[in-house]
Amino acid sequence: MFRSLSLSATICLMAGAAAAEVTYANAFAKYHNFDVDGAGDADAFSLGGAIEYRMMDWTFNAELGRIDIEDVDFDFGTIGAGYQMRNGVTLGLDYTRFEIDSFDSDVVSGYAMLDAGSYALGASIGDGSDLDDTVYSIFGAMDVTANGRVGLDIVRIEDETLYAGYADYDMQGYELKADVISMDGFDLVAVAGAYEFGNGFSAIASLSHLDLLGLDGNAFTIGGRYEFAPGVNAELALGQIDFDGAQDIDQITFGVQYELGDKTSKRRSLGNIFSSATSSLSGLTSF
């Protein structure tokens, strides 16, 4: 009997190990130089990483990032876990934190999401130590192709409504990523993409439009990327940022990145929404 129990336990452990895997991993570092026409330049550094790990019906994810512009640090991160039940409903919890020098804020959210395979719908409720009101959100995402996903998050935070839509395509030979964010006094539309020529070389570009309290700005970058090994690449891009009534800002970016797999969870936390937008906006990050 003992031998039978030992054999059963071994089989269970092997099955659990087989069902556990890292489905997504990402680590990057970037250097940016912003040259303001006639007013000097500024250096910026961004780095971060993300991971998604699945074990049977559990999904765990984490993401950390830092943007350092002329000694002004902006740190953000999120960590979460979700459990999918037999009826396709996932119950989860995630924690997001933002820090800008001496200011910091965090939000803990619980959510329920129905994942029907090609699409998912969900809602969340959260609270933060520095927030006056409860944070509510509804969200949805759909896999429009085997490697393409679109989604929308509607977040009610501090008596403001945030709309955040996105599209993410990673097809053979090209990539396309777009983000649209809108709330009172702030609108952003950003598109970024890459086209592979072969032998590890790709062309990369981004285009963005920003409206901040009535001040319009546009930004674009264009450059190249070389993949040294599967998932390991370096990139160099040139760009320009133009705000109405202000001097043009020339941008140079150099970055390295390691990326493996694809995210499977259709849930986005506040941290994920932010990091997705900064990735599309002038290639500031690489999430």
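From a predicted model like this one, the values you see are computed outputs, not experimental measurements.
Taking OG from S105 and CD1 from I100, the interatomic distance works out to 9.5 Å, rounded to the nearest 0.5 Å. Separating the CE atom in M142 from the CG atom in L121 is a distance of 8.0 Å, to the nearest 0.5 Å. Taking OG1 of T253 as the start and CD1 of I204 as the end, the distance is 8.5 Å to the nearest 0.5 Å. A distance of 8.5 Å separates CG in D75 from CG in D68, rounded to the nearest 0.5 Å. The CG atom of N147 lies 6.5 Å from the CG atom of D170; values are rounded to the nearest 0.5 Å.
With E21 contributing its side chain and M55 its backbone, the two residues share no donor-acceptor pair below 3.5 Å. Although no hydrogens or angles enter the test, the distance criterion places a donor-acceptor pair under 3.5 Å between the side chain of K177 and the main chain of S276. With hydrogens and angles ignored, the 3.5 Å screen pairs no side-chain donor or acceptor of E70 with any backbone N or O of A44. No donor-acceptor pair under 3.5 Å is formed between the side chain of S280 and the backbone N or O of A277. In this structure, the side chain of S182 does not engage the main chain of D187 through any donor-acceptor pair within 3.5 Å. Of the possible polar contacts, one joining the S275 side chain to the N272 backbone as a donor-acceptor pair under 3.5 Å is found. Side chain of Q240 to main chain of F220: no donor-acceptor pair is present (N/O by atom type, distance under 3.5 Å, no hydrogens or angles). Judged by distance alone, with hydrogens and angles left aside, the side-chain atoms of D115 form a donor-acceptor pair with the main-chain N or O of G117 at under 3.5 Å.
Contacts of Q257 classified as side chain to side chain contact (heavy atoms under 4.5 Å, CB included), with partners at least two apart in sequence or in another chain: N26, F28, N233, E259, S286. A164 meets the side chain to side chain contact (heavy atoms under 4.5 Å, CB included) test with D153, I181, R268, I273; sequence neighbours excluded.
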### Message
Before you tell me yes or no, could you show the steps for R149 and D168 under salt bridge (charged side-chain N to carboxylate O under 4.0 Å, His left out), namely the whole-Å CA-CA distance, both residues' side-chain angles and the distance that decides it to 0.1 Å?
### Response
CA-CA 5 Å; R149 178 177 297 172; D168 194 349; over 6 Å; no
### Task
Mind running salt bridge (charged side-chain N to carboxylate O under 4.0 Å, His left out) on E99 and R66 for me, showing each step along the way?
CA-CA 9 Å; E99 292 184 9; R66 162 171 280 203; over 6 Å; no
### Query
Can you list the steps and then say if T145 with Y169 is a side chain to side chain contact (heavy atoms under 4.5 Å, CB included)?
CA-CA 8 Å; T145 69; Y169 289 83; 4.3 Å; yes
#### Entry: Test ring pair (Phe, Tyr, Trp, His ring centres under 6.0 Å) applied to F45 and Y31, step by step
CA-CA 5 Å; F45 298 89; Y31 162 75; 5.4 Å; yes
### Message
Assess the residue pair I252 and H32 against the criterion (side chain to side chain contact (heavy atoms under 4.5 Å, CB included)); give the C-alpha distance rounded to whole Å, side-chain angles, the decisive distance to 0.1 Å, and a yes or no.
### Response
CA-CA 6 Å; I252 300 176; H32 313 267; over 6 Å; no
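Residue pairs meeting the ring pair (Phe, Tyr, Trp, His ring centres under 6.0 Å) criterion with at least one member in residues 223-247, sequence neighbours excluded, are F201-Y226, Y226-F228. The stretch residues 217-229 participates, sequence neighbours left out, in these salt bridge (charged side-chain N to carboxylate O under 4.0 Å, His left out) pairs: E175-R225.
Placement of F186 and V135 within a single hydrophobic cluster is found when ILVMFWY residues are connected by side-chain heavy-atom separations under 4.5 Å, directly or transitively. Under a hydrophobic-cluster definition in which Ile, Leu, Val, Met, Phe, Trp and Tyr are linked whenever side-chain heavy atoms come within less than 4.5 Å, directly or via other members, L91 and L114 are assigned to the same cluster. Cluster annotation: F274 is not connected to Y163 through the hydrophobic network of ILVMFWY side chains, with a link wherever side-chain heavy atoms come within less than 4.5 Å. I69 and F74 fall within a single hydrophobic cluster, where Ile, Leu, Val, Met, Phe, Trp and Tyr side chains are chained together by heavy-atom contacts under 4.5 Å. Criterion: ILVMFWY side-chain heavy atoms under 4.5 Å apart, direct or through other members. Under it, L215 and F34 are part of a common hydrophobic cluster.
Minimum interatomic distance between S269 and T78 (heavy atoms only, all atoms of both residues): OG-OG1, 3.0 Å. Considering every non-hydrogen atom in both T161 and M183, the closest pair reads O-CB, 3.4 Å. Shown here for G48 and F287, the closest heavy-atom pair between the two residues is CA-CZ, 4.2 Å. Contact record, L152 with Y166: N-CE2, 4.3 Å, taken as the closest heavy-atom pair. Taking both residues in full, the closest heavy atoms of K30 and L284 are given as CD-O, 4.1 Å, listed atom of the first, atom of the second, then distance. Among all heavy-atom pairs drawn from V107 and S109, the shortest one is CG1-OG, 3.6 Å.
Considering only heavy atoms from C-beta on, F98 stays 4.5 Å or farther from D106 through its side chain. Q251 places none of its side-chain heavy atoms less than 4.5 Å from the side chain of L238. Residues R97 and D104 meet the side-chain proximity criterion, which asks for heavy atoms closer than 4.5 Å. Annotation: side chain of T134 is in contact with side chain of Y136 (closest heavy-atom distance under 4.5 Å). Annotation: side chain of K266 is not in contact with side chain of Y119 (no heavy-atom distance under 4.5 Å). Taking 4.5 Å as the limit, some side-chain heavy atom of L270 sits within range of a side-chain heavy atom of V155. For the pair I79/N61, no side-chain contact is recorded, criterion being any heavy-atom separation below 4.5 Å from C-beta on. Using a 4.5 Å heavy-atom cutoff, the side chains of T264 and R54 are in contact.
Partner of F76 under the side-chain contact (heavy atoms from CB on, under 4.5 Å) criterion, chosen from T96, L64, I67: I67.
The closest side-chain donor-acceptor pair between S46 and T285, if any, does not fall under 3.5 angstrom.
For Y24, the OH atom counts as densely surrounded, since its 6.0 Å shell holds more than 12 non-hydrogen atoms of other residues, nucleotides or ligands. With a 6.0 Å radius and a threshold of 12 heavy atoms from other residues, nucleotides or ligands, I222 has its CD1 atom at or below the threshold.
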Got a list of side-chain donor-acceptor pairs under 3.5 Å for residues 206-214, not counting sequence neighbours?
unit_1, atom_1, unit_2, atom_2, d
S206, OG, T221, OG1, 2.5
H209, ND1, G217, O, 3.4
H209, ND1, N218, OD1, 2.8
D211, OD1, G214, N, 3.1

Throw together a table of side-chain donor-acceptor distances under 3.5 angstrom for residues 188-200, partners on residues two or more places apart or in other chains.
none

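The side-chain tip of R267 points at the ring of Y111 from less than 6.0 angstrom away and within 45° of straight on.
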